[in-house]
Amino acid sequence: MYDIIGDIHGRADELEALLLKLGYQRQGTVYKHPERKAIVVGDFIDGKGQHRKTVDICRSMVEQESALAVMGNHEFNAICYSIPDGTGDYLRHHNEKNIRDHAELIAEFPFGSHIPGL
Ligand SMILES: [Mn+2]
């Protein structure tokens, strides 16, 4: 049995509350369910705060095989925002709107930073 969870949008505290409500238990750094797996279907980011905590929760669940994950459009946009296009800009242009849209994420994941373990 699977629990399908989408549109977390950086709301890590609410994600943890939902996992507990669904019967997942925190074991060390990972949420696990005795019989079920979560499928996290994207939009981990793009919202107010807690992006890193959201990614940490989901990533540890995937690594410990208590969840599967699918990238959403906001993750795709963030990846494109970080990849130079060879003309001095990025695949997702760094225009005023996009800079504003990615500001909260970049505050938690500055360019050049790396995620421990990757
Ligand atoms: Mn969404």
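Predicted model only: the values in this text are computed from it and were never measured. We're numbering straight along the sequence, starting at 1.
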With the side chain counted from C-beta on, respond yes when [X] and [Y] share a heavy-atom pair under 4.5 Å apart, and no when they do not.
X    : Y   : answer
H102 : R92 : yes
E104 : H51 : yes
L20  : Q25 : no
M61  : I57 : yes
L15  : K53 : no
E108 : V55 : no
D89  : H94 : yes
N73  : D46 : no

Could you tell me the separation between the [atom1] atom of [X] and the [atom2] atom of [Y], rounded to the nearest 0.5 Å?
X   : Y   : atom1 : atom2 : value
K37 : Y24 : NZ    : OH    : 10.0 Å
L19 : E14 : CG    : CD    : 12.0 Å
L22 : H33 : CG    : NE2   : 7.5 Å
R59 : T54 : CZ    : OG1   : 14.0 Å

Side-chain heavy atoms under 4.5 angstrom apart, residues restricted to Ile, Leu, Val, Met, Phe, Trp, Tyr: same cluster for [X] and [Y]?
X    : Y   : answer
V40  : V70 : no
F109 : F44 : yes
F111 : I99 : yes
Y31  : L18 : yes

For [X] against [Y], the heavy-atom pair lying closest together:
X   : Y    : result
V30 : S66  : CG2-OG, 4.0 Å
A78 : L105 : CB-CD2, 3.7 Å
G23 : P34  : O-CD, 4.1 Å
I8  : C58  : CD1-SG, 4.0 Å

*Mind telling me whether Y81 and Y90 have parallel, tilted or perpendicular rings, with 30° and 60° as the class edges?*
parallel
_For H74 and H9, I'd like to know if the aromatic rings sit close, meaning centre-to-centre distance below 6.0 Å._
yes
*Can any side-chain N or O of N98 pair as donor or acceptor with the backbone N or O of H93 at less than 3.5 Å?*
yes
*Sub-3.5 Å donor-acceptor pair from the side chain of E75 to the main-chain atoms of G72, do we have one?*
yes
*Heavy atoms from other residues, nucleotides or ligands near CD of Q27 exceed 12 (cutoff 6.0 Å)*: yes
*asked:* Run the ring-ring contact (aromatic ring centres under 6.0 Å, His included) test against F76 and tell me which residues pass, sequence neighbours left out.
replied: none
